[in-house]
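Please read the structure below before turning to the comments.
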Protein chains: 2
Amino acid sequence: MALTRDHVVSTAVELLRRYGLADLSMRRLARELDVQPGAIYWHVASKQELLVEVAAALLAEVPGVREEVPQSEALAALAELATAVRAALAPVPDAADVVGMAYAAERASVTALRELRGLVGRAGVPADSCDAVTDLLVHHILGSVALEQNERLAQAGDAGGAGRDGAEVARSFAVGLEVIVRGLVAAKVSSS
Amino acid sequence: MALTRDHVVSTAVELLRRYGLADLSMRRLARELDVQPGAIYWHVASKQELLVEVAAALLAEVPGVREEVPQSEALAALAELATAVRAALAPVPDAADVVGMAYAAERASVTALRELRGLVGRAGVPADSCDAVTDLLVHHILGSVALEQNERLAQAGDAGGAGRDGAEVARSFAVGLEVIVRGLVAAKVSSS
DNA sequence: ACCTGAACACCGTTCAAGT
DNA sequence: ACCTGAACACCGTTCAAGT
């Protein structure tokens, strides 16, 4: 069958899942597709553009928020969504780098993160601070994902496993998330 | 003069400052030092090790916190230090990636970030949450630095400058930092 | 002890030419 | 329209051999 952009992207996602970013080269991807390296460039302008698509594909699997969340539940929904995004990215090697690049390149490019911003607004954060708070949340998520992947590597290196595991990093993420939520509540109280 | 490890590292820092991470290759560094690529490997085990040293050098320039901060001022000192670290890294291209890698590889390896952790403890955060809160702060700093550098690139691409500039990102950083600080205060009040 | 020379196994990207 | 073949200008790392 002929090569399609979708096939190129989904194969790239598989390669990332299995072998990580270091092995996701245009040439390796071409080999996987039984094609010459140059062929990929007919479907995709550059590796950068490919990685943006890969990031979108990874985040597309996060269960979407239900529409019409009342303000009273916006903060809880926000914490839930942030946790779901973290859970979706955690098992994919180097997912933090890939999504971080896409987010830096174009903040609106990724659906799940746009929804996050929507919830921040509905939680009562002033309009001129929505971007700032969303950035804080996104960096907390991606930072936590990057750390967890590093723990996995360190643990694989160690013999056995006295190292902190994924559950430990997940708890750490929850602590940070709660600090942020409390901070938002405090700001709301003090300004009303 | 003979090549030394310090000379290798400081030249790498200069290269990073001037041309960014993409141009900080072992071969380019060797050319800059008038030496064959292999020579560098006598002074440094790998590029990864070199980058950890580079990260340490960047953070060594952050003005240290004064010793013996009373608890009442710990939160303020923490915010001040976080802002100083951000300011030191912001002008260096790709500093967020370099420091992020070093931090992930070994959280204690970087002095300024160790001091940050100390202040978190003195601010009254329970011992078993110090790492979590420190991670949150570090990721907020590095995320903000990465975003600012991207704005700079986007702005250089635009003709003129309707884009948000560095000051805008700095304000965004301050908003996020305040949310975190408020969150820490709220947690303290609610637990005492 | 410190460095050169040369190799090994790779990269991303472009582009004439083929079908 | 879609892909091959081949090139261009690079990478990080290793290691015998030189001084």
Side-chain angles (χ1 to χ4, degrees), chain A residues 1-55 57 93-94 97-102 104-106 150 153 157, chain B residues 1-55 57 93-94 97-102 104-106 150 153 157:
Chain A
M1 68 192 152
L3 209 51
T4 58
R5 185 179 165 104
D6 276 3
H7 191 212
V8 168
V9 171
S10 66
T11 306
V13 170
E14 258 186 60
L15 231 38
L16 181 68
R17 286 201 132 94
R18 280 217 268 269
Y19 311 107
L21 195 53
D23 281 4
L24 175 44
S25 66
M26 297 302 262
R27 297 179 108 102
R28 178 95 167 66
L29 180 57
R31 229 183 302 142
E32 207 76 15
L33 292 164
D34 274 313
V35 110
Q36 294 296 315
I40 297 179
Y41 287 86
W42 199 91
H43 299 276
V44 123
S46 63
K47 188 176 185 181
Q48 155 120 330
E49 186 184 299
L50 174 65
L51 290 182
V52 168
E53 291 295 285
V54 168
D94 303 307
D97 302 68
V98 175
V99 175
M101 219 207 66
E106 206 186 331
N150 223 75
L153 290 186
Chain B
M1 68 191 149
L3 208 52
T4 58
R5 187 179 164 104
D6 276 4
H7 192 212
V8 169
V9 171
S10 65
T11 305
V13 171
E14 258 184 61
L15 231 37
L16 181 68
R17 287 202 131 94
R18 280 217 267 270
Y19 311 106
L21 195 54
D23 281 6
L24 175 44
S25 67
M26 297 303 260
R27 298 178 107 103
R28 178 95 168 67
L29 180 56
R31 230 183 303 143
E32 206 76 15
L33 292 165
D34 274 311
V35 110
Q36 294 296 312
I40 297 179
Y41 287 85
W42 199 90
H43 299 277
V44 124
S46 65
K47 188 176 184 180
Q48 155 122 331
E49 186 183 300
L50 174 65
L51 290 182
V52 168
E53 291 294 286
V54 168
D94 303 306
D97 303 66
V98 174
V99 174
M101 218 207 66
E106 206 186 331
N150 224 75
L153 291 186

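Since the structure is predicted, the reported quantities are computational estimates derived from the model, not experimental observations. To find a chain, count down the sequence lines: A is the first, B the second, and so on, and within it residues start at 1. Values below: every heavy atom of this structure, side chains too, minus hydrogens, waters and symmetry copies.
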Practice item. Would you sketch DNA chain C in dot-bracket for me? Only Watson-Crick or G-U wobble pairs with both distances under 3.5 Å count, crossing pairs as [ ], other-strand pairs as |, the rest as dots. Key: ||.|||||...|||||.||

Salt bridge (Lys or Arg N to Asp or Glu O under 4.0 Å) partners for [X], two or more places apart:
X         : answer
Arg17(A)  : Glu61(A)
Arg27(B)  : none
Glu49(B)  : Arg5(B)
Glu106(A) : none

**Study point:** Interatomic distance at C1', dA7(D) relative to dC11(C), whole Å
**Key:** 14 Å

Review point. C1' atom, dC2(D) versus dA16(C): distance in rounded Å?
Key: 15 Å

Check your understanding: If only side-chain N and O atoms of His43(B) are considered, is one of them under 4.0 Å from the OP1 or OP2 phosphate oxygen of dC3(C)?
Key -> yes

Check your understanding: Does Gln36(A) put a side-chain nitrogen or oxygen below 4.0 Å from OP1 or OP2 of dG5(D)?
Key -> yes

Review point. What pairs of residues pass the salt bridge (Lys or Arg N to Asp or Glu O under 4.0 Å) test when at least one of them lies in residues 31-45 of chain B, not counting sequence neighbours?
Key: Arg28(B)-Glu32(B)

Exercise for review: Identify, with sequence neighbours excluded, every residue that meets side-chain hydrogen bond (donor to acceptor under 3.5 Å, both in side chains) alongside Gln48(A).
Suggested key: none

Check your understanding: What residues, two or more places apart in sequence or in another chain, satisfy side-chain hydrogen bond (donor to acceptor under 3.5 Å, both in side chains) together with Arg18(B)?
Key -> Glu14(B)

Show me the protein contacts with nucleotides 11-14 of chain D, counting only N or O atoms at under 3.5 Å.
from, atom 1, to, atom 2, distance (Å)
dC11(D), OP1, Ser25(B), OG, 2.9
dG12(D), OP1, Met26(B), N, 3.2
dG12(D), OP1, Lys47(B), NZ, 2.9
dG12(D), OP2, Met26(B), N, 2.8
dG12(D), OP2, Arg27(B), N, 3.4
dG12(D), N7, Arg27(B), NH1, 2.6
dG12(D), O6, Arg27(B), NH1, 2.7
dT13(D), OP2, Tyr41(B), OH, 2.5
dT13(D), OP2, Lys47(B), N, 3.0
dT13(D), O5', Tyr41(B), OH, 3.2

Practice item. Nearest whole angstrom, please: distance from the C1' of dT4(D) to the CG of Leu3(A). Key: 13 Å

Exercise for review: Quickly work out the Ile40(A) CD1 to dC15(C) C1' distance and round it to whole Å.
Suggested key: 16 Å

Check your understanding: Does the side chain to side chain contact (heavy atoms under 4.5 Å, CB included) test come out yes or no for Leu50(B) and Leu29(B), once each step is laid out?
Key -> CA-CA 11 Å; Leu50(B) 174 65; Leu29(B) 180 56; 3.7 Å; yes

